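Source: prediction; values computed, not measured. Sequence positions, counted from 1, serve as the residue numbers for this chain.
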Amino acid sequence: MISTHDLEQLAEIELQKEEEEEEEQGSSRGYPLAPSSGNACQDMSHPYYDVARHGILQVTGDDKYGRKLIIFSSCCMPPSHQLNHHRLLEYLKYTLDQYVESDYTVVYFHYGLRSSNKPSLRWLREAYREFDRKYKKNLKALYVVHPTNFIRIIWNIFKPLISHKFGKKLTYVNYLAELREHLNYDQLIIPPAVLRHDEELRAAQKGGPPPPVKIPPPRPPLPTQQFGVSLQYIREKNNGELIPPVMCQTVSYLKRKGLKTEGIFRRSARVQLIKDIQKLYNQGKPVSFEQYSDVHVPAVILKTFLRELPEPLLTFTLYDQIQDFTKVESSLRASRCKRIVESLPEHNFIVVKYLICFLHMVSQESISNKMSSSNLACVFGVNLVWPPKGTISLGALAPLNIFTELLIEHYHTIFSSRCLPQQVLP
């Protein structure tokens, strides 16, 4: 039986071998492995700015099943002498602490890990022990992208420490295209070096230049379609109803059955079940949440509906204003928030008011459900607005969450002055 010490030596040898092979194949390419990321934290007042500025860690909204998506990119790690790994561990915990009460998914881009930037195995052991049950319980999936023999050896070293249950959450992903099965691929923040590496792997596999990743052309929506179509489309196909049926039915059910449920909107549901319910809605078939006996099912359906709108409820137009509104003095933010919301198109305003009114009700039961306006903002912020191009970076989440928290907390003040004759409330 191979000892842990031998495995550690084997891991080091394997990593060096991988580096030598890459140098032989592409030493002339000169690709930078730790480029300054456009999505890295630019806020010098950030408590972990010394680590965050490298863009190693990103939070990019939710995956297809409503779970927060957290990305770790090895190629963004600078050489070890330029990065305090103890601070890196603290930064990881600091970031995860904001999300671990909810279900979440981690994507680990392995490409770019080198002898020069690799944390020690001692650090990895310490990190695994530091991430106790609080962090592991709600981690629903861990995708390791572009795994190598080094990863598999490391896994063998840690096998005695890793529970069978945790091991089942791990999925090896050999090519980026495979992530499309599990995640909203277009939401991912993928470093350029990782994209180039993936192209080279596919080229090597085919013995020629990599074929373009085929994306099937979009199908025209069904007349009964509810997910992935605009508010206007849904309104036109539903006799002019202002509130989409999915929102109406999920909010109505949750108002009756879920207001006091602890952790409402923080839990995921079975993936296949959510897909089946979406299919029922899209085919115009009746959906009864009573039969599922789980309030987390309509909660996930509501988040999924918002996330799959072609344009977010708060519109692309307002994204920059929402990002900039934290520059306003704290005492003036609620009034600034009000002005931003009042500039929404009438239909969007009615739907946003309906949703925020309900979320305000949920926050009023926070003693029971533990979902304060701040906690709800962390869940719903990324589902209310996102940029027209690219993805939401970790640095962009703070103003988004603060804005959403103000909407919920000051609902009556923000939405009181614009009363439309057609408005609908839950």
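- With a 4.5 Å cut-off on side-chain heavy atoms, N348 and L314 do not count as touching.
- Distance check: L313 CG to H347 NE2 gives 9.0 Å after rounding to the nearest 0.5 Å.
- In this view, F109 satisfies the ring pair (Phe, Tyr, Trp, His ring centres under 6.0 Å) rule with no residue, not counting sequence neighbours.
- Taking the ring centroids of Y111 and H197, they lie under the 6.0 Å cut-off.
- Legend: residues meeting ring pair (Phe, Tyr, Trp, His ring centres under 6.0 Å) with Y94, ordered by chain and number and at least two apart, are H46, Y48.
- Side-chain contact between V51 and L83 is present, with heavy atoms from C-beta onward closer than 4.5 Å.
- Taking 4.5 Å as the limit, some side-chain heavy atom of Y411 sits within range of a side-chain heavy atom of C357.
- Within the 4.5 Å cutoff, side-chain heavy atoms of V251 are placed close to those of P426.
- The salt bridge (charged side-chain N to carboxylate O under 4.0 Å, His left out) check on E290 picks up R256, K257, with sequence neighbours excluded.
- For the pair Y104/L96, a side-chain contact is recorded, criterion being any heavy-atom separation below 4.5 Å from C-beta on.
- Taking the six-membered ring where the residue is Trp, the centroids of Y108 and Y143 are separated by 6.0 Å or more.
- Checking side-chain atoms of S230 against main-chain N and O of Y233 turns up a donor-acceptor pair under 3.5 Å.
- Geometric assessment of R180 against the ring of Y185 yields a positive cation-pi assignment under the 6.0 Å and 45° thresholds.
- For the pair R235 (side chain) and P244 (backbone), a donor-acceptor distance under 3.5 Å is absent.
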One pair to check against side-chain contact (heavy atoms from CB on, under 4.5 Å): L242 and V351. What are the steps and the verdict? CA-CA 7 Å; L242 290 168; V351 178; 5.6 Å; no
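- Looking at N375, its side chain does come within 3.5 Å of a backbone N or O of K370 through a donor-acceptor pair.
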Could you go step by step and tell me if L406 and R336 meet the side-chain contact (heavy atoms from CB on, under 4.5 Å) rule? CA-CA 10 Å; L406 284 174; R336 175 67 180 138; over 6 Å; no
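- From T315, atom OG1 reaches atom CG of L309 across 12.0 Å, with rounding to the nearest 0.5 Å.
- Applying the side-chain hydrogen bond (donor to acceptor under 3.5 Å, both in side chains) test to S268 and every residue at least two apart in sequence or in another chain returns D103.
- Here the CG atom belonging to L57 is positioned 8.5 Å from the CG atom belonging to L88, to the nearest 0.5 angstrom.
- Annotation: R87, atom CZ; neighbour count of heavy atoms from other residues, nucleotides and ligands within 6.0 Å is above 12.
- Between the W123 side chain and the H85 main chain, a donor and an acceptor come within less than 3.5 Å of each other.
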Stepwise, does the side-chain contact (heavy atoms from CB on, under 4.5 Å) test hold for L142 with T171? CA-CA 6 Å; L142 168 60; T171 300; over 6 Å; no
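- Expressed to the nearest 0.5 Å, how far CD of E178 lies from CG of L183 amounts to 11.5 Å.
- Inter-residue side-chain proximity for L302 and F265 is flagged as met; some heavy-atom pair is nearer than 4.5 Å.
- Here CG of N138 is found 11.0 Å from CZ of R67. Values are rounded to the nearest 0.5 Å.
- When atom types are taken as modelled, the side chain of N383 and the backbone of T304 share no donor-acceptor pair closer than 3.5 angstrom.
- Qualifying ring pair (Phe, Tyr, Trp, His ring centres under 6.0 Å) partners for F325, counting only residues two or more places apart in sequence or in other chains: F403.
- In this structure, the side chains of V173 and V144 stay at 4.5 Å or more apart for every pair of heavy atoms.
- In this structure, the side chain of N369 does not engage the main chain of T261 through any donor-acceptor pair within 3.5 Å.
- No donor-acceptor contact under 3.5 angstrom links the side chains of Q226 and Q278, judged on distance only.
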Run the numbers on L176 and H146 for side-chain contact (heavy atoms from CB on, under 4.5 Å), then give the verdict. CA-CA 8 Å; L176 290 173; H146 301 140; 4.1 Å; yes
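- Under the 4.5 Å side-chain criterion, counting only non-hydrogen atoms from C-beta, K68 is in contact with V59.
- D276 has no carboxylate O lying under 4.0 Å from a charged side-chain N of K279, or vice versa, which leaves the two without a salt bridge.
- Between I71 atom CD1 and I56 atom CD1 the span is 14.0 Å, to the nearest 0.5 Å.
- Distance alone, capped at 3.5 Å, is enough to place a donor-acceptor pair between the D294 side chain and the H296 backbone.
- Remark: the backbone N or O of H360 is paired with a side-chain donor or acceptor of S363 at under 3.5 angstrom.
- Here the side chain of N282 pairs a donor or acceptor atom with the backbone of F227 at under 3.5 angstrom.
- Across every non-hydrogen atom of V287 and Q249, the tightest pair is O-OE1, 4.2 Å.
- Considering all non-hydrogen atoms of both residues, L407 and V341 come closest at CD2-CG2, 3.4 Å.
- Contact between F316 and P387 at its shortest, heavy atoms only, is CE2-O, 3.7 Å.
- Scanning for ring pair (Phe, Tyr, Trp, His ring centres under 6.0 Å) contacts around Y281 gives an empty result, with sequence neighbours left out.
- Of the possible polar contacts, one joining the N117 side chain to the R114 backbone as a donor-acceptor pair under 3.5 Å is found.
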